[in-house]
Amino acid sequence: MPDTDPASKSMEAIVALCKRRGFVYPASEIYGGINGFWDYGPLGTALKNNIRDHWWKHTVECPPIGPDGEPVSIVGLDSSIIQNPRAWEASGHVGGFSDPMVDCTETKKRYRADQVLVMVSWDVEDGSGDEPNGAIDRLFAFNDSDDKSYALARKKAEKFAKKIGVTVASNPTIWPLTHAEFDGAYQYIVGPDTETPGTLTEPREFNLMFETFVGAIRDDSAKAYLRPETAQGIFLNYKNVLDTMRVKVPFGIAQIGKSFRNEVTPRNFIFRSREFELMELEWFCAPDDSPKWYDFWKHERMRWWESLGVSKSNLVFRDHAEDELAHYSKMCVDIEYKYPFTAPGYGELEGVAHRGCYDLNAHTRGTVNDKSGWKNEFSNAKMEYLDQERQQKAREAGLSKEEINAASKYIPNVIEPASGLTRGVLVLLCEAYTEDESRPSKVFMKFKPRFAPIKAGIFPLVNKDGMPEVAQKLYMGLREKFTCQIDAKQSIGKRYARMDEAGTPYCFTVDGDTLSGGTVTVRDRDSQSQERINIDQVEKFLAEKIGE
RNA sequence: GCGGGUGUAGCUCAGUGGUAGAGCGUCACGUUGCCAACGUGAAUGUCGUCGGUUCAAAUCCGAUCACCCGCUCCA
């Protein structure tokens with residue numbers, strides 16, 4: 001029985017197979033590659049498209065039944081990668097997406113500048129008050145919301161205070177490292193994990209958005225950004241969709257597309273790359289309905305991943321703690337997969353976020369982004385929604401005009417299931433990779449038939465006695481409906497082995513009995529067992545297996 | 001961004017200063033009677049890249065790029 005636990009699989013072996021069989025290549029490899037970018041080969045592209053099409057079908061074309069028993073309403077969109085840069089100011093990405101970082105030159109540790117606090121040891125009980133005390137030229141930094149780090153800094157401060165004959169206040173003043181008072185005073189600051197002052201660098205900006213220039217002139221007025229997520233394109237078109245598509249809240253807008261993040265450290269094959277593909281659904285609903293929909297999409301999305309053939313035991317939910325929520329998010333849960341490089345732990349595959357009314361509000365004129373401080377004086381969109389069903393009910397209930405408005409006018413809340421398509425590819429590759437010493441290829445890719453890049457191999461057992469002609473005829477009939485390959489070269493075993501590594505679920509072999517009795521053998525990839533079926537039944541057989 | 005490791009054919013790797021190699025894979029021809037069979041033949045390399053030392057560099061030195069591992073980061 002082959003082992004299905006990702007913990008037992010080698011990432012290097014999976015990467016090697018991906019290269020060898022044409023799933024994934026390093027981008028611009030003949031020039032030495034480029035960090036954080038990958039090209040999808042013929043089989044990888046097919047696998048990616050199969051996952052993408054499955055998502056689109058189950059999200060847009062044939063969406064699930066909602067919690068109230070009614071089919072949910074979702075429309076598709078394909079927005080531009082480059083948008084007006086003000087969109088990214090409003091969304092908070094230009095300000096909030098670039099966290100200033102400080103490095104410790106001694107310990108080589110890196111901290112987010114806004115998460116480092118400094119104990120201002122001027123505030124000692126020697127009566128100096130707020131006046132800087134020249135005798136005390138050492139400030140002790142620690143990590144925000146880390147009690148141990150605070151205790152350590154305090155201990156260091158007390159030791160130093162004792163040396164110079166003062167005591168530290170029981171409740172010392174604490175300022176963030178980003179406080180203007182510390183400009184040019186870094187030589188006095190002792191980092192959270194060191195004893196010597198002056199090892200922290202000035203905060204440095206790490207903007208994760210790729211910049212480009214629109215038009216021929218490369219100045220700041222022409223600066224634009226490659227989108228770091230597809231979601232904003234949906235929010236920018238929310239009004240357009242509402243005005244033209246006869247949709248009403250609750251409804252969803254779905255989009256699949258490339259996104260770009262200038263990651264500090266791309267790592268782990270295609271898990272964290274700088275160019276990747278997202279499948280995002282923005283679900284708009286009334287604020288008081290939002291918990292119901294959050295819960296619905298959370299479980300719906302897990303069901304969807306399971307429908308790809310991913311083992312339940314390799315998937316988990318992980319609810320975000322309050323302090324790790326993004327600036328826009330009220331609640332967030334990740335669906336995580338047990339990747340070989342995270343096992344026995346799990347790594348992110350999809351996030352389902354409750355974004356509240358943050359995004360629609362952010363694109364409304366007059367809104368001030370609470371993270372970046374950017375004031376929106378450019379948008380001309382009003383995002384408030386009039387819920388006429390609620391309005392009608394409120395009227396019938398005989399409520400006052402104010403009460404009717406309160407009940408029926410709102411900025412919709414957003415539930416966002418956002419998954420990485422390219423991470424889905426990685427998950428299926430890891431999930432399918434199965435070592436089996438007993439077979440010639442030593443390894444096979446156990447894709448669920450529906451997602452396999454190649455659905456069937458068609459082989460004449462030997463290249464004579466009319467078998468190639470019969471195989472060719474079978475192939476010509478099948479190729480219009482299924483991606484399949486005919487192969488008459490070399491030994492039959494070698495052909496099976498090749499198909500095992502490509503993850504082709506079924507191989508049909510034309511042999512002597514085909515010529516006399518009209519049957520072919522079907523070789524099953526996973527069990528390696530064979531059965532005979534009538535050559536006329538091959539198409540039906542495949543259709544049934546792939547539909548499962 | 002920091003530290004460690006690796007880089008030679010499509011893959012796995014050998015080759016420690018003196019003519020660029022093996023196994024597997026790929027391709028062609030022959031053969032074939034169900035799991036990488038066999039025979040014959042062929043293609044595939046600026047030894048990651050750039051520079052230095054040397055009569056001579058895959059090999060020694062420096063830089064750089066990419067990948068892997070550990071930190072860091074991941075709205």
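Just so it is clear: chains get the letters A, B, ... in the order the sequence lines come, proteins before strands, and each one is counted from 1. From a predicted model like this one, the values you see are computed outputs, not experimental measurements. No hydrogens, no waters, no symmetry mates; every other heavy atom, side chains included, goes into these values.
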Legend entry - Rounded interatomic separation in angstrom, taking CG from A:N262 and P from B:C73: 18 Å

Quick one: side chains of residues 11-27 of chain A, donor-acceptor pairs under 3.5 Å with protein atoms, not counting sequence neighbours, listed by atom name and distance.
unit_1 : atom_1 : unit_2 : atom_2 : d
A:K19  : NZ     : A:E29  : OE2    : 3.1
A:R20  : NE     : A:E501 : OE1    : 3.3
A:R20  : NH2    : A:E501 : OE2    : 2.7
A:R21  : NE     : A:E501 : OE1    : 2.7
A:R21  : NH2    : A:E501 : OE1    : 3.2

Inset, instruction - Take atom OH of A:Y31 and atom P of B:U49, then tell me their distance rounded to the nearest Å. - result: 14 Å

Inset, instruction - Determine the contact category for A:G22: base if any of its heavy atoms lies under 4.0 Å from a base atom, sugar-phosphate if only primed atoms, P, OP1 or OP2 are that close, otherwise nothing. - result: nothing

Legend entry - Length of the line joining A:I34:CD1 and B:C67:C1', which is rounded to integer Å: 14 Å

Legend entry - Spacing between A:N35 atom CG and B:C73 atom C1', to the nearest angstrom: 14 Å

Inset, instruction - Describe the nucleic acid contact of A:F269 in one word from base, sugar-phosphate, nothing, applying a heavy-atom distance below 4.0 Å. - result: sugar-phosphate

Inset, instruction - Spell out protein contact along nucleotides 28-36 of chain B as letters: B when the base is contacted, S when just the sugar-phosphate is, - when no protein heavy atom is under 4.0 Å; keep the 5' to 3' order. - result: SS--BBBBB

Inset, instruction - Starting from P on B:G48, measure out to CD on A:E29 and report it in whole angstrom. - result: 13 Å

Legend entry - Separation of atom CZ in A:F37 from atom C1' in B:C67, rounded to whole Å: 16 Å

Legend entry - Results of side chain to side chain donor-acceptor pair (under 3.5 Å) for A:R86 - residues two or more places apart only: none

Legend entry - Identity of whatever pairs with B:C67 - Watson-Crick or G-U, under 3.5 angstrom: B:G5

Legend entry - Non-neighbouring partners of A:E275 that pass side chain to side chain donor-acceptor pair (under 3.5 Å), sequence neighbours left out: A:K258

Inset, instruction - Counting Watson-Crick and G-U wobble pairs only, both distances under 3.5 Å, name the nucleotide matched with B:U32, or none. - result: none

Inset, instruction - Mind checking side-chain contact (heavy atoms from CB on, under 4.5 Å) for A:D319 and listing every partner two or more places apart, or none if nothing turns up? - result: A:Y294, A:K298, A:V333

Legend entry - Under 4.0 angstrom between A:K19 side-chain N/O and B:C11 OP1 or OP2: yes

Legend entry - Pairing residues for A:S438 by the side chain to side chain donor-acceptor pair (under 3.5 Å) criterion, not counting sequence neighbours: A:D436

Inset, instruction - Could you verify whether a donor N or O on one side chain and an acceptor N or O on the other, from A:Q485 and A:R479, lie under 3.5 Å apart? - result: no

